[in-house]
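A quick write-up on the structure given underneath.
For the numbers below, each heavy atom of this structure counts, side chains included, while hydrogens, waters and symmetry mates do not. Treat the numbers as computed from the prediction; the structure is a model and nothing was measured.
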Amino acid sequence: MLRRNRRLEKEYLFRKSKETLERTKYEKKRKIREAVQEGKPIPTELRNEEAQLRQEIDLEDENTAVPRTHIDDEYAKASERDPKILLTTSRDPSAPLIQFTKELKLVFPNAQVVNRGGQVISEIVESCRAHDYSDVVLVHEHRGKPDGLIVCHLPYGPTAYFQLCNVVSRHDIKDKKAMGTVPQAYPHLIINNFTTKLGERTANILKHLFPVPKPDTKRIITFANDQDYISFRHHIYAKPGGPKSIELKEIGPRFELKLFKIKLGTVDQDEAQNEWVLKPYMNTAKKQKFLGN
């Protein structure tokens, strides 16, 4: 298993190293294609490679015209099978953190909660790879309040680090009858205001935690970005008066997420490259928004 994982990592790093060369060749083909379409002469620096590049352009189709990136490879097999998620906590979790983790198990379909015990992160990731898990979600706390969420995609990454704010669990809401029970049906997703490149990347990480739902599902999960804070809401709906009347009922939990790092690797790889990090000086730029408008 160790040899296989090392081989897969080397193959992934090799594909990533070829991206720059593929991107350069793609730009050359784009210039030749534009020159031919507009009836302009071929750029001087490309005349020696024109014949070979034109031959490659003739052989391309819609799937091979645009070069694939390591981001495509990370979720290339996501549509082939439903996600399988392992949920765990930091060591010595408090009762509120354990309760919140159990509620997250109801949020994510096909999730399994595992007690952390004395296991280190590398052992957890290795075990998840061996048992064909697609993601690992770790929840952290500070003085009994959940304050951190780590989403690690397997086997290559990426790993997204979020700050948890304003957590209201189902356990904290007194009116149990109004909340209702959580259905086991796969939910529809509403992903709002992730318009930047980083926002699309973040939405891609979050949406692949959920399988494809059936069209008639009455369960809805919302990720709404506002001022780079991602609001999570969980609802079910009914149509008591016909198709034109919709009644929403929140079933919890609710919380806010603040992205502060995306790493191109798994959570146990300290040497992995950081794709994006929220720096301290970025907090002073109040008008700058990283995820959306």
Side-chain angles (χ1 to χ4, degrees), residues 1-19 68-94 97-98 100-142 146-164 201-202 204-211 257 259-277:
M1 181 60 71
L2 290 175
R3 287 182 180 178
R4 178 176 176 271
N5 291 337
R6 180 57 60 186
R7 175 175 57 81
L8 292 174
E9 288 178 6
K10 286 183 178 179
E11 289 177 0
Y12 169 66
L13 292 174
F14 175 71
R15 286 196 302 269
K16 185 182 172 189
S17 66
K18 290 179 63 179
E19 286 181 15
R68 292 174 62 86
T69 67
H70 63 277
I71 295 176
D72 297 322
D73 291 334
E74 290 164 357
Y75 294 101
K77 297 182 179 180
S79 59
E80 298 177 4
R81 61 188 179 94
D82 290 343
K84 184 180 176 183
I85 300 171
L86 183 132
L87 274 164
T88 189
T89 63
S90 53
R91 286 179 179 165
D92 299 323
S94 63
L97 185 64
I98 294 174
F100 180 66
T101 307
K102 290 179 180 178
E103 295 182 7
L104 285 181
K105 180 182 181 297
L106 301 176
V107 169
F108 298 118
N110 306 326
Q112 181 179 356
V113 178
V114 174
N115 293 330
R116 175 71 178 273
Q119 287 186 308
V120 296
I121 294 295
S122 58
E123 293 176 355
I124 295 174
V125 172
E126 200 64 39
S127 177
C128 289
R129 283 200 187 105
H131 291 86
D132 205 23
Y133 280 86
S134 64
D135 296 272
V136 178
V137 177
L138 293 99
V139 190
H140 293 271
E141 66 179 342
H142 179 68
D147 72 335
L149 189 76
I150 301 175
V151 179
C152 174
H153 184 65
L154 297 176
Y156 309 122
T159 303
Y161 295 77
F162 297 94
Q163 177 190 356
L164 270 174
R201 175 72 157 149
T202 307
N204 201 39
I205 292 172
L206 293 174
K207 77 178 182 182
H208 280 103
L209 295 173
F210 300 89
L257 294 171
L259 177 71
F260 66 88
K261 185 165 72 171
I262 296 179
K263 186 167 69 173
L264 289 176
T266 53
V267 66
D268 61 324
Q269 295 175 339
D270 295 332
E271 71 281 359
Q273 178 185 353
N274 290 327
E275 180 179 343
W276 182 84
V277 180

Side-chain heavy-atom pair Thr202, Ile262 within 4.5 angstrom cut-off: yes
Residue of the set Ile124, Val136, Ile150 for which side-chain contact (heavy atoms from CB on, under 4.5 Å) holds with Val267: Ile150
Any Tyr133 side-chain heavy atom under 4.5 Å of Gln112 side chain: yes
Member of Val113, Ile98, Asn115, Thr101 meeting the side-chain contact (heavy atoms from CB on, under 4.5 Å) criterion with Thr89: Thr101
Pair Phe108 + Phe210: ring centers closer than 6.0 Å: yes
Check: Ser134 and Tyr75 side chains under 4.5 Å, non-hydrogen atoms: no
Nearest-0.5 Å distance that lies between atom NE2 in His153 and atom OG1 in Thr266: 11.5 Å
Exam field: side chain Arg116 to backbone Gln119, donor-acceptor pair closer than 3.5 Å: yes
Heavy-atom closest contact (Leu154 atom, Cys128 atom, distance): CD1-CB, 3.4 Å
Distance (rounded to the nearest 0.5 Å) between Leu206 CG and Leu257 CG: 7.0 Å
Euclidean distance, Leu264 CG relative to Gln273 CD, rounded to 0.5 Å: 5.5 Å
Heavy-atom closest pair, residues Lys263 and Ala272: CG-CB, 3.7 Å
Value rounded to 0.5 Å, distance of CD in Glu141 from CG in Leu164: 11.5 Å
Smallest separation among heavy atoms of Val120 and Arg91, with atom names: CG1-NH2, 3.3 Å
Note, His142 side chain near Leu97 side chain (heavy atom, < 4.5 Å): no
Student check: side-chain heavy atoms of Val125 and Arg129 closer than 4.5 Å: yes
Asp135 CG to Asn110 CG distance, which is reported to the nearest 0.5 Å: 11.0 Å
Check: Asp147 and Gln163 side chains under 4.5 Å, non-hydrogen atoms: no
Enclosure of Lys261 NZ (heavy-atom neighbours >12, cutoff 6.0 Å): yes
Atom NZ of Lys84: over 12 foreign heavy atoms under 6.0 Å: yes
Separation between CG of Leu259 and CD1 of Ile205, rounded to the nearest 0.5 Å: 7.5 Å
Donor-acceptor pair, side chain of Thr159 and main chain of Gly265, under 3.5 angstrom: yes
Minimal non-hydrogen separation, Val114 against Leu86, with atom names: CG2-CD1, 3.5 Å
